Amino acid sequence: MKINKKILTHFQLCASPVDKKGYLCIKGERNTSYQKRWFVLKANVLFYKERHNNRDLVGVIVLEGGPVQLCESEEQFAFRFYTTALVMDLKKQYKEAKKAIPGNTSQQSRVVPNMEQPTQKWLTIGASSFLQYPGTATGHSSTNQMLKTPPISSKPANKRSPKLWSKKNANVMPIIGPTPPQGEWSVIGSFSELHEDYGKEVKKLISEWSGRGNEVVCQEEDLIDFG
Amino acid sequence: MRFNEKELISLSRQPSECIAELGMRGPKKGDVVKRRLVKLVVNFLFYFRTDEEEPQGVLLLEQCRVEREDSQVFSIAFLDEAERKYLFECDSQEQCQEWVDSIIKASYEFMRKNLIFYRTEIHRLTGKDPLEQYGIEDETRFQVTCGPQPAHKDS
């Protein structure tokens, strides 16, 4: 199957917002050793090249529709990127907010963009490679730039905010969950259903992590408050 | 350049509402129109030779410009090269417009703009930031003022 390298290279280099970037070590299926590469995550594609200032791509990983594997022993990787589920949830909240305003019936002060994406699951990541941060078990130099992470909020965790992860992993969130059977894609359901499904997995992980002495902020109620 | 072909092939098999046989012409001089089964899945446009299971190729629909060329033809241009376009011939005006609309809405960039719009509006209407519940309110990519950023800004 052909994939246009120029288009991908251009997309990677252009000035559109980057979701995440940094050095990671990648081990493929054939090569048994880790190679350090500069990774850039944009949209649902993970680009990698030898150095951050290289133009040419070594490869791309399309992060759409495959199962994710959280490897706990020496390797761990996690990405977080937003999905249509998030946007659909915001759209729903927006509609409810508009309804709640008295007198605001048929008038629209702004044209609402018409989001008609096909219903899509909470994205899971496909990876036939293992990725890990440099500076961990394999003994790579730890002076390398870690992934650029958004600033960790200094707000105290409150009931409404699902700050579930230990600070060390605050921006490293495993995304796991029910995976579709090979080659099939079925619409799992509404955002609420998805949230329930994934919420169970997350709560299970939390209790496992708590047991291992990790610092975790737990909450008993729903992970996301639907109000 | 390596890529995870297996996952892409699997993705090409997902159900899609935007699938049709269209006349497709590549961007290079000398490319001719060929009938291809064209299928839009998320932000990927797959094209298959008729009766083949595996796609002949795929286009990532980000940073591209979709335009109506005439009543039944639309084009997709990449790389800021306006002259080098992929052309698609549809069977009707209606079908052509449907494809143009679907492709425009398919990109992550479009989705991000929607997200920012809804976030801003919800905040305006309710005083609350809907991204706080997810803990992602401080991320640069979701800021209202976030537009194109220079590449390698932090390197």
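Chain letters run A, B, ... following the sequence lines, proteins first and then strands; every chain starts at 1. Below, each value reflects all heavy atoms present in this structure, side chains not excepted, and no hydrogens, waters or symmetry copies. Fair warning: this is a prediction, and the values are worked out from it, not measured in the lab.
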B:Gln56 versus chain A, the contacting section by heavy-atom distance below 4.5 Å: both

Nearest-0.5 Å distance that lies between atom CD in B:Glu7 and atom CG in A:Leu63: 9.0 Å

Heavy atoms from other residues, nucleotides or ligands near NZ of A:Lys5 exceed 12 (cutoff 6.0 Å): yes

B:Phe44 and A:Val45, any side-chain heavy atoms less than 4.5 Å apart: yes

Partner chain A: residue of B:Asp101, B:Thr126, B:Leu60 with the largest heavy-atom pair count (under 4.5 Å): B:Leu60

Test log, rule side chain to side chain contact (heavy atoms under 4.5 Å, CB included), inputs A:Ser16 and B:Glu62: CA-CA 10 Å; A:Ser16 66; B:Glu62 298 286 338; over 6 Å; no

Donor-acceptor contact present, side-chain B:Glu5 to main-chain A:Met1, <3.5 Å: yes

side-chain contact (heavy atoms from CB on, under 4.5 Å) partner of B:Phe3, the single match among A:Val60, A:Val62, A:Leu57, A:Ile61: A:Val60

CA sep, side-chain torsions, deciding dist, call: B:Phe78, A:Phe11, ring-ring contact (aromatic ring centres under 6.0 Å, His included): CA-CA 9 Å; B:Phe78 296 92; A:Phe11 177 48; over 10 Å; no

Contacting moiety of B:Ile9, where chain A heavy atoms sit under 4.5 Å: both

Distance in Å, B:Gln63 CD paired with A:Gln12 CD, rounded so as to fall on 0.5 Å steps: 12.0 Å

Heavy-atom check, side chain of B:Arg2 versus side chain of A:Tyr48, under 4.5 Å: yes

